[in-house]
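One structure below.
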Amino acid sequence: MYRSHTCGELRASHIGQKVTLAGWVQRSRELGGMTFLDLRDRYGITQVAFNEEWDANLLQEARKLGREWVVQIKGEVIERHSKNTAMPTGVVEIKSSHLTVLNAANTPPFTIEEESDGGEELRMKYRYLDLRRAPLQRNLALRNRLNIEVRKYLDKDGFMDIETPFLIKSTPEGARDFIVPSRMQEGKFYALPQSPQTFKQLLMVSGYDKYYQITRCFRDEDLRADRQPEFTQIDCEMAFVEQEDILNTFEGLLVHLLKEVKGVHIDSVPRITYSESMERFGNDKPDIRFGMELANLNSLTQNHGFNVFDQAETVLGIAVPGASSWSRKQIDKITDWIKRPDIGMKGMVYCKVNEDGTYKSSVDKFFTQEQQAKWAKASEATQGDLILILAGEERLTRKAASELRLYIAEKLGLRNPETFAPLWVVDFPLLEWDHESERFHAMHHPFTSPKLEDISLLEKNPVKVRANAYDLVLNGNEIGGGSIRIHDRALQSRMFDLLGFSKKEAERQFGFLMNAFEYGAPPHGGLAFGFDRLVAIIGGAEVIRDFIAFPKNNSGRDVMIDAPATIDEIQLHELKLKSTAKPNE
RNA sequence: GGUCCGGUAGUUCAGUUGGUUAGAAUACAAGCCUGUCACGCUUGGGGUCGCGAGUUCGAGUCUCGUCCGGAUCGCCA
């Protein structure tokens, strides 16, 4: 062993011991006849002292060291003259007797500290250096902790971890697939799984009635702060269960994780329906850490001669607590924000509910005090609040109001990352109309079962059919989703019909699954958690990149290894591929 | 594919109305310094202003194009 202790463990109780430490040079402080060296590893930092009076040559050696050199130090643990209470190891230091340089290092392009001075791009390029930083190490440790706790919980409940293949077949529904050309079957292609969906259903048919896997999924779509082209799911499926069983099992998992890892106790996980969520929050993943719910003001605002309201499909109000004192300038800033092209509203009406009980709005000309009082009542605004009102086309307005609600909450500091407010959103619609392809799309996926009581609507009013589908939402982020599946060949065929698949096409794409259903498929269902997102949110962040050791950037590139990259002509030839891409540069 | 923001020293940034030799902090190097812990002090080196055109007597600054990065809409069953 190169070391007897780590850099994070020495305390007063070790004083007098001869120890050997190994680690990276964090920084050194030279004070003429003496030098202090901060030695770092992932467990902490320990100060090493060199002194002319102890060993002048050794001091000279120590002065040659640079940041991030890898060194081994032998010496005695001594009590410090001046202690540093800010450091866990701050009462002791190493009185050095031997110094071995294990490896010299170039000066790193950014500082390896709690807060680095490097920009994101640079840190990505030197990811192995960024990963030395304590915040990243904490994030990966949190990820590891959660991974283990997930396994503990599911294992205890009888779940079996079963691996499923990565080289599978491209399917038409859902996201774009990543494609892998086959060498042995020339002209044919594998696809990487968007999720192990069909395999876990087959495992149910095979009788593995409680399955889970923490596994990679791949989707070739544009990225966001909370989306990577390859990401990790906690993928689960159960047989002989109803929706209620699944909800109970997996809210139990979340409660377990928050308790074990964060020490946070969640009493209950509320459930609301999709339509209620859209009504109250304008959103299918509401952040319920705060109120400010959307109030429909249609009947209270229309037919009073104010054109904008009269012509609007929907008028929505949000009561901002304690904001009646906001200045015109502050409100204008919000109006500007709501008019940004990606929000897309044309304007915003405000109504101040003054402390003295009077009302002051930007539309006083059209509405009396009494009428404004009704708005306040409807949006649950009390004295000192400010009502923000948006009007326009239903879909756009509801979405904008939802964004506005989050924007204001952020401004007011109501989105505390240390508060955890999970909920289930249930009863999602089964289908949605896709204007582009002019056909129905499965909102969840094509294997989701419709609610029994809605099956009669399948033919005459498909958009009204609700599914046995549910999402688990945490602090305004979808962290998991699933459904009770169809386990009956006839119903599954009918679904494919509705989704516009020909019999032949359905047979070609999903014949294996439908065949399996004819050999004794149990009722089953499940869900999948977005593990990266879950880790990030529990870690108090929304950008998942820093919770993944080697993530891709916004455009799907790994800037460290420079992937994706072109391949040799020989490789292309072997795969019988020809690139039609225009050579760049 | 669209929109917005950004690209200047190793790094993070400033750079006025287009005008002299492009600055600061930090990092780095050298020297001084015996209780520092973001040590301090002195000195020094360090620039293809992303790239390419254009406007102009003159461009880091204005215009167009392009590349790269971030955010976001579409997209993500």
Side-chain angles (χ1 to χ4, degrees), chain A residues 26-39 45-54 56 59 63-64 66-68 78-87 89-90 93 106-126 129 171-177 194-195 197-198 217-229 231 337 340-344 396 399-400 403 428-432 434-437 440-448 467 469 478 481-483 495 499 528 530 542-543 545 553-557 559 584-585:
Chain A
Q26 177 74 27
R27 73 161 50 81
S28 65
R29 291 174 292 279
E30 295 173 6
L31 286 81
M34 61 190 311
T35 285
F36 295 106
L37 199 74
D38 286 344
L39 195 66
I45 288 179
T46 298
Q47 177 166 286
V48 181
F50 297 85
N51 197 315
E52 210 166 44
E53 292 165 12
W54 303 336
L59 177 76
R63 295 185 71 144
K64 290 180 193 151
R67 277 163 54 207
E68 300 305 315
I78 59 172
E79 187 176 0
R80 288 204 203 180
H81 287 167
S82 42
K83 300 178 177 48
N84 184 342
T85 50
M87 285 173 82
T89 61
E93 65 188 3
N106 292 337
T107 303
F110 52 86
T111 57
I112 315 291
E113 282 168 16
E114 184 74 24
E115 293 281 339
S116 176
D117 65 353
E120 185 135 5
E121 192 184 350
L122 195 68
R123 289 189 287 119
M124 283 291 213
K125 188 172 172 194
Y126 297 91
L129 295 182
T171 54
E173 279 280 315
R176 231 171 262 122
D177 288 313
Q194 296 172 29
S195 82
Q197 185 59 37
T198 49
C217 302
F218 306 87
R219 293 179 192 174
D220 187 7
E221 295 292 346
D222 285 4
L223 308 175
R224 292 288 186 278
D226 64 349
R227 262 195 253 157
Q228 285 273 305
F231 60 99
W337 182 84
R340 285 179 5 177
D342 50 328
I343 306 287
L396 186 79
K399 188 161 188 303
E403 296 289 334
F428 274 79
L430 184 69
L431 302 164
E432 58 187 344
D434 182 49
H435 292 279
E436 209 171 302
S437 58
F440 286 109
H441 266 241
M443 195 154 180
H444 185 56
H445 59 50
F447 318 109
T448 299
E478 180 199 330
S483 63
M495 269 302 287
L499 294 172
E542 288 190 0
V543 178
R545 279 192 292 267
N553 76 1
N554 216 13
S555 33
R557 261 168 40 81
V559 294
N584 223 338
E585 290 157 275

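Within every chain, numbering begins at 1; the chains are lettered A, B, ... in the order of the sequence lines, protein sequences first and strands thereafter.
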Classify A/Glu542 by what it touches in the nucleic acid, base, sugar-phosphate, or nothing, heavy-atom distance under 4.0 Å.
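Since no nucleic acid heavy atom lies under 4.0 Å of A/Glu542, the category is nothing.
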Once you apply the 3.5 Å cut-off to both distances, tell me the Watson-Crick or G-U wobble partner of B/G69, or none.
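Base partner found: B/C5.
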Does B/A25 pair with anything, Watson-Crick or G-U wobble, both distances under 3.5 Å, and if so, with which nucleotide?
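Here B/A25 is engaged in a pair, and the nucleotide opposite it is B/U11.
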Spell out yes or no: do the side chain of [X] and the base of [N] have one donor N/O and one acceptor N/O closer than 3.5 Å?
| X | N | result |
| --- | --- | --- |
| A/Asp117 | B/U26 | no |
| A/Arg227 | B/C75 | yes |
| A/Gln47 | B/U36 | yes |
| A/Arg123 | B/G69 | no |
| A/Glu120 | B/G6 | no |
| A/Arg219 | B/C76 | no |

Under 4.0 Å between a side-chain N or O of [X] and OP1 or OP2 of [N]?
| X | N | value |
| --- | --- | --- |
| A/Thr35 | B/U36 | no |
| A/Arg340 | B/A71 | no |
| A/Arg224 | B/C73 | yes |

For the C1' atoms, the ones on B/C39 and on B/U34, what distance do you get once it is rounded to whole angstrom?
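Comparing C1' positions in B/C39 and B/U34 gives a spacing of 12 Å.
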Nearest heavy atom decides the nucleotide; on that basis, is A/Glu221 or A/Asn51 closer to the 5' end of RNA chain B?
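Between the two, 5'-proximity favours A/Asn51.
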